[in-house]
Each structure stands twice: as C-alpha cells, then as structure tokens.
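The residues of the chain are indexed from 1 along the displayed sequence. Counting convention: from 1, in listed order, for ligands and their atoms alike. Atom set for the values below is all heavy atoms of this structure, side chains included, hydrogens, waters and symmetry mates excluded.
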Amino acid sequence: MSPNKGILHLYKNYLPMTTETPMLSLQEGGTPLIHLPSLSEEWGVNLYVKTEGVNPTGSFKDRGMVMAVAKAKEEGSKAIICASTGNTSAAAAAYGTRAGLRTIVVIPEGKVALGKLAQASMYGAEVFEIEGNFDEALKMVQDVSEKEDVTLVNSVNPYRIEGQKTGAFEICDVLGEAPDILCIPVGNAGNITAYGKGFKEYDAAHGTGQPRLFGFEAEGSAAIVRNEIIPQPDTLATAIRIGNPASWQNALNTVEHAGGGFDAVSDDEIVAAYRGLAQAEGVFAEPASCASLAGLRKKISAGDIEKGSTVVCVLTGNGLKDPATALDTNEISPVRIPNETASFLSRLHKEEMS
Ligand code: F0G
C-alpha cells in the first residue's frame with residue numbers, strides 16, 4: 001500500500017499548485033467512506049458517511065488549511081489569522097506550526113468544545129477569546145488582516161475551498177461515481193460550496209455526475225433557511241453556531257446549480273442522530289456533524305428522498321473533540337463492582353436477565 005502523501009500531492013492537478021508551492025502535508029485526506037447497514041435498512045436508502053474526523057486534527061478543515069497555508073507560505077507570508085468555533089483554529093494551528101508561521105486565532109467566548117481549545121494551544125497558536133460570537137470574531141480578523149501583514153485563513157480565503165473540494169473527489173473515487181444525494185452540515189457555508197465545486201469539476205473531468213446537495217443548519221442558527229441574519233445564534237452544536245454565514249451567496253448558487261436545498265434541524269434532532277449513529281453503527285462524530293444525518297432523517301420522513309437512493313452524509317468532525325456534550329446527553333456512569341470475579345460474574349448474569 002502506498003502511503004498517503006496528502007491532498008496537495010494526490011490532487012495536484014486539480015488544485016492551484018505551482019512549482020513554488022510547498023508540498024505541505026500531515027497526511028490529510030483519504031478518509032473512510034463507511035457504509036451504515038442498520039440505518040440504511042431502517043431508512044430505506046443506501047447510506048454512507050464520509051468520516052472527516054479521521055483527518056490529522058480531527059476535522060475536514062485540514063483539507064482546506066493545508067492548501068491555504070501552503071499558498072500563504074508560497075506568497076511569503078509570515079503569519080496567519082482566523083476566527084473559529086474551534087475546528088478551524090485547531091487546523092490553522094497545526095498547519096501554521098508545520099509551515100513555521102505565526103498563528104493567531106480568535107474564538108467566541110465560552111462556546112468552543114474543550115478538545116478544540118486544547119488542540120489550538122498544544123500546537124502553539126496564540127489564542128484570543130472575544131466577548132462576542134463567531135460572526136463578530138470573523139469581522140474582527142477580517143479587519144485586522146486588512147490592516148496588518150497577516151494572511152486570513154477562514155473560508156473566505158478561496159484556497160480553503162479549493163482544498164476542501166477534494167472530499168468530493170474521494171467520494172467519487174470510492175463509489176465510482178457521485179452519490180444521488182449529499183447531506184452536509186452548514187455553518188459558515190464554505191464546505192457545501194467546496195463540495196459543490198468538487199463534484200462539478202470531477203464530473204467535467206471524469207463524467208462522475210453530480211449529487212443533489214442538502215445543507216442543514218441548526219435551528220437556532222438557521223440564517224440561510226430563514227433568509228435573515230441571526231444576531232444571537234444558538235445551538236448545542238457549537239461548531240455551526242453562526243448567524244451570518246460568510247459564504248451565504250456562494251452556497252445558494254451552489255445548491256441552485258446542483259438541486260437540493262437547505263433546511264434546519266433542532267438540537268433534539270441533532271442529539272438523536274448523534275447518539276443513534278454511535279449506538280447503532282459504532283461511529284462517533286461531533287454534534288454539528290450529525291446535523292447532516294438528522295437532516296437526512298427529516299427529509300426521508302417528509303418523503304423528499306426516493307427509496308433506494310445512494311446518500312452520503314459528511315461527518316465533518318470527530319466526536320472526541322467535544323466530550324462534554326457526550327457526557328451531557330448520555331448517562332455515562334460505570335457500574336461499580338468489587339474487585340472479585342465471582343461477584344462480577346453474578347452481576348453480569350443479573351444484567352443479562354434484566
Ligand atoms: N461541521 C463542523 C464540525 C465544523 O467545525 C464546521 C465549521 C461546520 C460543520 C460547518 O462548515 O462553516 O464550512 O459551513 N466550523 C468553522 C470553525 C466555522 O471555525 O471551525 P462551514
């Protein structure tokens with residue numbers, strides 16, 4: 001088996017690479033596309049998940065960040081900056097460090113999952129927390145990047161979208177063609193835009209077709225669905241707690257081209273999908289990721305998805321990033337037993353009977 005050399009190497013012909021672009025890599029990409037037999041049967045579709053939590057920093061952001069940081073380095077930048085609900089900052093910190101760049105991240109107050117915060121600090125980023133939400137943090141870093149010599153690596157940076165489109169390529173490579181439907185969580189709306197671009201380009205190059213795209217926002221942050229800016233977005237899925245998506249218009253154009261649509265899912269629906277996925281299929285994704293699955297379930301219940309369709313849900317981040325939500329939404333308390341095999345066995349038999 002040849003080692004994964006990362007997406008810049010693997011997909012260089014589809015990316016804005018020059019002879020001067022550094023071949024930065026933490027071996028991102030090549031993430032599993034896992035079939036879900038139980039949910040496929042229950043829901044009457046042929047369902048796969050693209051587990052982006054397997055990437056080096058545990059989310060899809062690595063695909064976009066490797067490209068954006070490599071281009072920043074190529075262009076002679078000495079520093080990168082981003083706003084983040086957590087995953088972008090983790091990826092920026094890892095790739096920024098790897099490339100020898102100063103990395104500055106700005107996060108919203110009190111709403112970043114613990115694992116993500118730990119990552120940004122461990123990788124050595126300078127972490128700032130503002131008294132405000134993600135949308136305000138993004139505005140601030142956009143402002144700073146215009147005034148200072150520092151490269152903005154949020155998904156308004158087009159290289160981020162370029163890198164992230166490789167997720168669509170991989171799905172086509174594994175299935176041999178595009179699925180009928182792709183479901184994806186929506187926060188700042190960069191990733192749905194990236195997938196749309198990826199499927200379109202791969203179709204032009206290989207005739208793989210294009211799926212209908214369904215994007216799902218959290219109900220308390222559903223700006224696109226409601227067609228209005230949400231000044232105080234809220235959801236337990238903190239990664240997509242965004243009230244004014246930067247790629248709003250691009251995402252609308254993308255979905256208009258592909259067919260499909262946007263919808264909102266409640267926190268209860270997200271949690272049900274989050275737990276169901278782990279408990280029926282052995283896959284642990286972070287809550288925001290599970291908006292894709294919760295949305296699919298909603299669409300199936302509404303009769304909007306044809307039986308037997310091949311569907312891919314993008315699971316954008318690893319469940320381990322956010323242990324607090326797992327603990328808050330599940331009873332996780334080990335059964336206490338004496339240090340004695342006989343009583344353990346009798347306890348196991350009792351559990352079996354109950
Ligand atoms: N899922 C996860 C786990 C995310 O971290 C994000 C975005 C999304 C989905 C939505 O993707 O913004 O391209 O629509 N996280 C950003 C961050 C905002 O700062 O980490 P999008």
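- Of the protein's non-hydrogen atoms, the one nearest atom 20 (O) of ligand 1 is Thr88 N, 2.8 Å.
- Considering backbone and side-chain N/O atoms, Ala288 never comes within less than 3.5 Å of an N/O atom of ligand 1.
- Remark: Lys197 NZ to Glu162 CD distance equals 3.5 Å, nearest 0.5 Å.
- Expressed to the nearest 0.5 Å, how far CD of Glu340 lies from CG of Leu345 amounts to 10.5 Å.
- Interface of Val186 with ligand 1, defined as ligand atoms under 4.0 Å from a residue heavy atom, comprises 14 (O).
- Taking Ala168 as the reference, Tyr195, Phe199 meet the side-chain contact (heavy atoms from CB on, under 4.5 Å) condition, with sequence neighbours excluded.
- Of the protein's heavy atoms, Thr316 OG1, 3.3 Å lies nearest to atom 2 (C) of ligand 1.
- Remark: ligand 1 atoms within the under-4.0 Å shell around heavy atoms of Thr85 are 15 (N), 16 (C), 17 (C), 18 (C), 19 (O), 20 (O).
- Taking Ile, Leu, Val, Met, Phe, Trp and Tyr as hydrophobic and joining them when side-chain heavy atoms fall under 4.5 Å apart, one finds Val105 in a cluster with Ile107, Val112, Leu117, Val127.
- Between Phe169 and Tyr202, the ring planes are parallel. Angles under 30° get that label, and only those over 60° would be called perpendicular.
- Ion pair Glu52/Arg63 flagged as a salt bridge, since at least one NZ, NE, NH1 or NH2 atom sits closer than 4.0 Å to an Asp/Glu carboxylate oxygen.
- Looking from atom 15 (N) of ligand 1 to the surrounding protein, the closest heavy atom is Lys61 NZ, 3.0 Å.
- The nearest protein atom to atom 12 (O) of ligand 1, hydrogens excluded, is given as Asn188 N, 2.7 Å; this is a heavy-atom distance.
- Every N/O-N/O distance between Ser289 and ligand 1 stays at or above 3.5 Å.
- Using a cutoff of 4.0 Å between basic side-chain nitrogens and carboxylate oxygens, Glu126 and Arg102 are scored as salt-bridged.
- Contact atoms of ligand 1 toward Asn87: 2 (C), 3 (C), 4 (C), 5 (O), 20 (O) (distance under 4.0 Å to a heavy atom of the residue).
- Heavy atoms of Ala189 come nearer than 4.0 angstrom to ligand 1 in at least one pair.
- Note: no N/O pair closer than 3.5 Å links Glu286 and ligand 1 by distance alone.
- With respect to atom 11 (O) of ligand 1, the closest heavy atom belonging to the protein is Phe60 CZ, 3.5 Å.
- Shortest contact from atom 4 (C) of ligand 1 to any protein heavy atom: Ala239 CB, 3.6 Å.
- Under a 4.0 Å N-O distance rule, the pair Lys139/Glu136 does not qualify as a salt bridge.
- Regarding atom 13 (O) of ligand 1, its nearest protein heavy-atom neighbour is Asn191 N, 2.8 Å.
- Between Ala92 and Val153, the shortest heavy-atom distance links the atoms CB-CG2, 4.2 Å.
- Residue Ile242 places a heavy atom less than 4.0 Å from ligand 1.
- Among protein heavy atoms, the minimum distance from atom 8 (C) of ligand 1 is reached at Ile240 CG2, 3.6 Å.
- At a threshold of 4.5 Å between non-hydrogen side-chain atoms, the residues Leu24 and Arg98 count as touching.
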